[in-house]
Q: 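One structure is given below, represented as structure tokens, and several questions about it will come after.
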Amino acid sequence: MTQQARDALLDGLNPAQRQAVEHVNGPLLIVAGPGSGKTRVITHRIAYLNHYLGIRPGNIGAVTFTNRAAKEMRSRLEHLLGDRARYITAGTFHSLCAQILRHDGKAIGLPPEFVIMDDDDQLGLIKRAMVICEVDPKKFPPRSILNAISSAKSRLLTPEGLAQRASGYYDDLVRRIFIEYQALMSRSRGVDFDDLLSRTIELFREAPETLAKYQERFLYLMVDEFQDTNIAQYEIAKQISSKHLNLCVVGDPDQAIYSWRNADIRNILSFQKDFPGTVTVNLSQNYRSTSTILGAARKLISANRQRLDQDLFTDNEMGAKVVIAEAYNEDEEAQLVLQEIERLTREEGFTLRDFVVTYRVNAQSRALEEACLRYGVPYKLVGGVRFYQRREVKDLISYLRLLQDPYDEPSLARVINVPARGIGKRTVDELIAWAGSLSIPAYTALQLLAGDGTEIAEGIDASPFNPRQVQQLVGFLRLINDLRACLPDMELPELIDEVLTRSGYRRSLLDSEEPDAEDRLDNLREFRGVSADWLTIPASESLQPFLENAALVSEQDSIVENEQQYLTLITLHQIKGLEYPVVFITGFEDGVLPHTRSLDNPDQLEEERRIAYVGMTRAGKRLYLLRSFRRRLFGAPTGNPPSRFLRDIPEDFLEAAASRLRSSNNSVGPSGRTSNYPVVAGEPIVQAGPPPFRAGDKVSHATFGQGIVINCLAKPSDYELTVAFKGQSGIKRLLHSFAKLELISKE
DNA sequence: GGTTTTCACGTTACG
DNA sequence: CGTGAAAACC
């Protein structure tokens, strides 16, 4: 690398960033505050390793926590390194471990065709294990048992280890179910997400030569979002880098918001102890936020006891004050948000994708969605049910898994009667039991059944099925076998079509009366679209990698990026790692943020404060903290006091909202049962020019398409239009200033 | 065996 | 209020 090239790489970095980039050998801890250019530093560091030290990209590994982060890193690396970037391993711990285990898992008796089990599969196994252990799922919810087991696994505890650590009644119960759960899991050649990690560690322990191989493979290893790693993940990073010690971890303890998912903050706090000689770099200059926003956020987080002080600063301008506002209820809260978005769009040149509305719990999105529809603002709801977790997608995946491997019993059990084809629960249970009594897989049992019922070999019990059952079961077997025969001659999308048609799945959705049948078909279509990445390869080749990808990359479509204009609605947890010029945080109330469930626990309360901190530090230019005087939770109206976190932020960073968000006066005092801000009363009617449209006009909207104006109603400084759109959009009420309707033809 | 009704429950959600 | 899963029904 020439001096110039090196200078170019380091150019524009501040001294701390430079140090982090240039310190490539030995353990390195980067404590990076929000907006400090963390991702940039990591990618530049990798480029530096490659360019300047001549390290082959194949010897560099970068592990992150989410596919989203991995994807972003890969695209940045491509930008810096071009084609060489694809040799760099940039992915999640889970995908790394899956690769290692597929390749070398045999050494610990793991068959290479193991199946990765997701939450639903796990829950199913837990329920079965509870039946075996005779535990009542009413008294002990399977979900919490699963959490306990998962927590133990992520701390690398075996059932025995769990017993040693704690020995109450509940712990013993968990231990017993744990054992059965693992037994059921290995019987179906399943591996859950925790196993991917723990079995990799087991492999490293049992097969030192394999560990040595990966130590030589990853001469340099980097871990992003280190504060989110659990014990098992840290252990893997430790093992791989224990020879060359070129381990670099990047994180921010103040943004640790996943303890409930077994992330262990001690990982980052004890890193220096675990790796003597660690160099620590603090990235404390913030390039994202105005100094007002950063100042407010710093004040908030400094109220936490358990933390390392970071001394963040920014050279950015002061900017506007942080706006706090109280609405009467969540509908008005949403309305305030949209009105302010409208104002900022109109007066200050922001566009829709500059905004994000974020909240603590998903249920809060409803009021916001409704307001968006009302105002005709296109929005994108991030989160909710994950794509690969939707029932129809999982059903289809199960079919595909079955084609790939007909002995995959969980998948078989899932789809044998989907759509309903007369094979009920009892028949399935009998099939499994019968196969079990013969010690053969269910698929073999089906083949036996199809072969010839009268010629079952001696010593084998006759099948327990009546002729009708036999007919249905054999019909299913034939379906699977016919589809399997298609594998070599079809590409994936075609195969998927074939599955949907031959199984009757598509038909059943088309005939379905359910309101969301249409959405399901859309999802299946989208799934088929994803499979088009594997075109030109016969399905027999592409099915396995495709399914592996589906199991590991359960990431929904990447956020932002495209040119489309929409408003983003997202939870505070999911917003981590993103940034927006204008951020609205709704539900800044005691009971919502911090959440009720954490009020009595100081540690959890500190995590809630970190959640608020993460939200606030996403903002570049403007930050709004909204709360609602009344809020409907579970149908019942509740009243929450303002968030206690507001008390941690000094007044001079804040601006009360009345004058800004509301043209009306703020008369009523802070106490009593009245809101500071009346509903939508008493706003002066100021007309914004003559009516833009008349009933009967044909118009066009960017999102909803063509429509006809039904009504045009005067509103404060605006017009509310009622428009009937063609197709699915139907009738919408829109604000003129927002909707940007184009006139197609006069009435 | 399949469909409808009732009932209980409710934070956040990575792979 | 809205959802998913078990129980009751056909």
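Note on naming: letters A, B, ... go to the chains in the order of the sequence lines (proteins, then strands), and numbering restarts at 1 for each one.
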Q: Rounding to an integer number of Å, can you tell me how far A:I575 CD1 sits from B:dC14 C1'?
A: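 Taking atom C1' of B:dC14 as the reference, CD1 of A:I575 is at 17 Å.
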
Q: If the condition is side-chain hydrogen bond (donor to acceptor under 3.5 Å, both in side chains), which residues does A:D395 pass it with, not counting sequence neighbours?
A: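 Per chain and number, A:D395 pairs via side-chain hydrogen bond (donor to acceptor under 3.5 Å, both in side chains) with A:R414, A:Y505.
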
Q: How many whole angstroms separate atom NZ of A:K425 from atom P of C:dA5?
A: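 In whole Å, C:dA5 P lies 14 Å from A:K425 NZ.
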
Q: If you measure from the P atom in B:dA13 to the same atom in C:dG4, how many Å do you get, rounded?
A: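 Each nucleotide's P atom is 16 Å from the other's.
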
Q: Does A:N417 place a side-chain N or O at less than 4.0 Å from the phosphate oxygens OP1/OP2 of B:dG2?
A: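 The answer is yes; a side-chain N or O of A:N417 sits under 4.0 Å from OP1 or OP2.
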
Q: Looking only at side-chain atoms of A:H94, point me to the closest of B:dG1, B:dG15, B:dC14.
A: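 In terms of side-chain proximity for A:H94, the closest of B:dG1, B:dG15, B:dC14 is B:dG15.
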
Q: Within the sub-3.5 Å range, which N or O atoms of nucleotides 6-12 of chain B have a protein N or O partner, and how far apart are they?
A:
unit_1, atom_1, unit_2, atom_2, d
B:dT11, OP1, A:R597, NH2, 3.2
B:dT11, OP2, A:R597, NH1, 2.5
B:dT11, OP2, A:R597, NH2, 3.1
B:dT11, O4', A:H595, NE2, 3.0
B:dT11, O2, A:R360, NH1, 3.1
B:dT11, O2, A:R360, NH2, 2.1
B:dT12, OP1, A:N362, N, 2.7
B:dT12, OP1, A:N362, ND2, 3.3
B:dT12, O4', A:R360, NH2, 3.2
B:dT12, O2, A:W260, NE1, 3.1
B:dT12, O2, A:R360, NH2, 2.7
B:dT12, O2, A:H573, NE2, 3.4

Q: What is the separation between atom CD1 on A:I116 and atom P on B:dC14, rounded to the nearest whole Å?
A: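 Taking atom P of B:dC14 as the reference, CD1 of A:I116 is at 17 Å.
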
Q: A:T92: what forms a side-chain hydrogen bond (donor to acceptor under 3.5 Å, both in side chains) with it, not counting sequence neighbours?
A: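 A:T92 satisfies side-chain hydrogen bond (donor to acceptor under 3.5 Å, both in side chains) with A:S95 only.
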
Q: Can you tell me how far P of B:dG15 sits from CG of A:L196, to the nearest Å?
A: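 Between P of B:dG15 and CG of A:L196: 13 Å.
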
Q: Among residues 117-133 of chain A, which contact DNA chain B at a heavy-atom distance under 4.0 Å?
A: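 Result for residues 117-133 of chain A: A:D119, sorted by number.
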
Q: Between P on B:dG15 and CG on A:L552, what's the gap in Å once rounded to a whole number?
A: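 Atom-to-atom, A:L552 to B:dG15, this comes out as 9 Å.
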
Q: Please name all residues satisfying side-chain hydrogen bond (donor to acceptor under 3.5 Å, both in side chains) with A:Q364, sequence neighbours left out, ordered by chain then number.
A: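 Scan of A:Q364 (side-chain hydrogen bond (donor to acceptor under 3.5 Å, both in side chains), adjacent residues dropped) gives A:T586.
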
Q: Under the rule for side-chain hydrogen bond (donor to acceptor under 3.5 Å, both in side chains), what residues qualify as partners of A:R366, not counting sequence neighbours?
A: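 A:R366: no side-chain hydrogen bond (donor to acceptor under 3.5 Å, both in side chains) contacts found.
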
Q: Scan residues 465-477 of chain A for pairs that pass side-chain hydrogen bond (donor to acceptor under 3.5 Å, both in side chains), counting only residues two or more places apart or in two chains.
A: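 Listed by first then second residue: A:T427-A:Q469, A:N466-A:Q469.
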
Q: Check every strand shown and say whether A:Q469 touches a base, only sugar-phosphate, or nothing at a heavy-atom separation below 4.0 Å.
A: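 A:Q469: backbone/sugar contact only, no base atoms under 4.0 Å.
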
Q: Could you tell me how far apart A:E370 (CD) and C:dC1 (P) are, to the nearest whole angstrom?
A: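 Between P of C:dC1 and CD of A:E370: 12 Å.
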
Q: List for me each residue that meets ring pair (Phe, Tyr, Trp, His ring centres under 6.0 Å) alongside A:Y613, sequence neighbours excluded, and say none if there are none.
A: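 With neighbours one apart ignored, the set is empty.
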
Q: Can you run down the salt bridge (Lys or Arg N to Asp or Glu O under 4.0 Å) pairs that involve residues 128-147 of chain A, sequence neighbours left out, and say none if there aren't any?
A: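 As it turns out, the salt bridge (Lys or Arg N to Asp or Glu O under 4.0 Å) pairs with a partner in residues 128-147 of chain A, which skip direct neighbours, are A:D119-A:R143.
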
Q: Determine, for A:E430 against A:R426, whether the closest basic-nitrogen to carboxylate-oxygen distance falls under 4.0 angstrom.
A: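 So A:E430 pairs with A:R426 through a salt bridge.
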
Q: Would you indicate what A:R366 reaches in the nucleic acid, counting non-hydrogen atoms under 4.0 angstrom: base, sugar-phosphate, or nothing?
A: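 Counting heavy atoms under 4.0 Å across all strands, the contact made by A:R366 is with sugar-phosphate only.
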
Q: Using a cut-off of 4.0 Å on non-hydrogen atoms, how would the nucleic acid contact of A:R468 be classed: base, sugar-phosphate, or nothing?
A: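 It contacts sugar-phosphate atoms only.
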
Q: Rounded to whole Å, how long is the line connecting atom CG of A:N230 with atom P of B:dA13?
A: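 Those two atoms, CG and P, are 18 Å apart.
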
Q: Under 4.0 Å between a Lys/Arg side-chain N and an Asp/Glu carboxylate O for A:R390 and A:D519?
A: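 No salt bridge links A:R390 with A:D519.
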
Q: Whole angstrom is fine here: how far is it from CG in A:D429 over to P in B:dG1?
A: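 Rounded to whole Å, this separation is 10 Å.
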
